[in-house]
Every structure is written in structure tokens, then in C-alpha cells.
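These notes are about the structure you will find just below.
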Amino acid sequence: MQHGSHTILVVEDDLDVRESLRDALEDDGYKVDVAADGLEALEYLASHPLPALILLDWMMPRCDGAEMLERVRADPTIAGVPVVLLTADVRTSRKTVGQACQGFLTKPVMLPDLLATVERFAIP
């Protein structure tokens, strides 16, 4: 699969948060695709060019961030995609970073933090 140099995959179950993140990133020039949970995101990853970055909510129904992250890292075709967690629980974030993630953003996500993080992984 090809790597989408500027595509960001936002995986977030809260519609308002998902759309806010999409709007902010698109306003900054990024192509954004969204998924409402980990299962939808895994289906996306199996059928689209790989994104430059996955912004992954930690707490979601059906397939949460931990389960999705485990499945991404176990699949050699998508294991190299950088993942940044979105979570309100700073303790969970710090514990997970370094194990399988490239970073985390605490909710509510501040726009300068979001853009600085995304800029490290994607080209607008």
C-alpha cells in the first residue's frame, strides 16, 4: 500500500470531537479521513493507502484504542504507521507512550498542540 504523505486518520467515537479535529486539520491543509471506532479504522486501513498518522481515541465502544493499537502493531502491513493517542487520562497516555505510540494529546485538545504534533508526521 502507498503511504498518504498528508492524510490523517482520526479515530474518535464522539461525533463533535471527530468533526472538530477534522475541521481544524483540513483548515491547516491536511487531508483527513475519520472512523468512529477501532473496527471502522481497521477496515479503513485494510482498504485505503496508509495514512501519515493515526490520531486514536483511547476510550471507544466496540474496539477501543488499546485493542486497535495492539492489532495495528501486530499487522506488518500497517505496523509502521505512527499513532498518537487522544485521551483525557494523562496517566494512561504516559504509560502507553513508548510502548506502541509516538505520543499523546490530552483532551480537550488545544489547536496549537494538535498542529505541532501532526506536523511532525505529515506534510500538509
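For the numbers below, each heavy atom of this structure counts, side chains included, while hydrogens, waters and symmetry mates do not.
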What is the minimum heavy-atom distance between [X] and [Y], and which atoms define it?
X      : Y      : value
Ala35  : Arg18  : O-CD, 3.7 Å
Leu56  : Gly65  : CD2-O, 3.5 Å
Ala122 : Ile8   : CB-CD1, 3.5 Å
Val17  : Asp14  : N-OD1, 3.0 Å
Ala24  : Leu115 : O-CD2, 4.4 Å

Passing option when Leu9 is tested against Val81, Leu50, Leu45, Val34 for side chain to side chain contact (heavy atoms under 4.5 Å, CB included): Leu45
Nearest-0.5 Å distance that lies between atom [atom1] in [X] and atom [atom2] in [Y]:
X      : Y      : atom1 : atom2 : value
Asp57  : Leu105 : CG    : CG    : 11.5 Å
Met59  : Asp13  : CE    : CG    : 9.5 Å
Trp58  : Leu86  : CH2   : CG    : 11.5 Å
Cys101 : Arg73  : SG    : CZ    : 6.5 Å
Leu53  : Glu119 : CG    : CD    : 12.5 Å

SB check Lys107 Glu12 (cutoff 4.0 Å):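 Answer for the salt bridge query: yes.
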Test item: Gln102 side-chain N/O and Val83 main-chain N/O as donor-acceptor pair under 3.5 Å: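 Yes, because the side chain of Gln102 sits within donor-acceptor range (under 3.5 Å) of the backbone of Val83.
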Measure the shortest side-chain to side-chain distance between [X] and [Y] over non-hydrogen atoms and say whether it is less than 4.5 angstrom.
X     : Y      : answer
Tyr30 : Val118 : yes
Val32 : Leu21  : no
Ile54 : Val84  : no
Arg71 : Leu42  : yes

Co-membership, hydrophobic cluster, residues Ile78 and Leu39, 4.5 Å side-chain: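 In one cluster with Ile78: Leu39, no.
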Verify same cluster id: Leu55, Met110 (apolar side-chain graph, 4.5 Å):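 No; tracing contacts between hydrophobic side chains, which count when under 4.5 Å, never links both residues.
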Residues in side chain to side chain donor-acceptor pair (under 3.5 Å) contact with Glu70, at least two apart in sequence or another chain: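 For Glu70, no residue satisfies side chain to side chain donor-acceptor pair (under 3.5 Å) once neighbours in sequence are set aside.
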Pairwise side-chain hydrogen bond (donor to acceptor under 3.5 Å, both in side chains) hits with a residue in residues 31-42, at least two apart: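 Only Lys31-Asp33, Asp33-Tyr44, Asp37-Arg62 qualify under side-chain hydrogen bond (donor to acceptor under 3.5 Å, both in side chains).
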Step-by-step side-chain contact (heavy atoms from CB on, under 4.5 Å) determination, Leu25 to Val10: CA-CA 10 Å; Leu25 292 168; Val10 175; 4.2 Å; yes
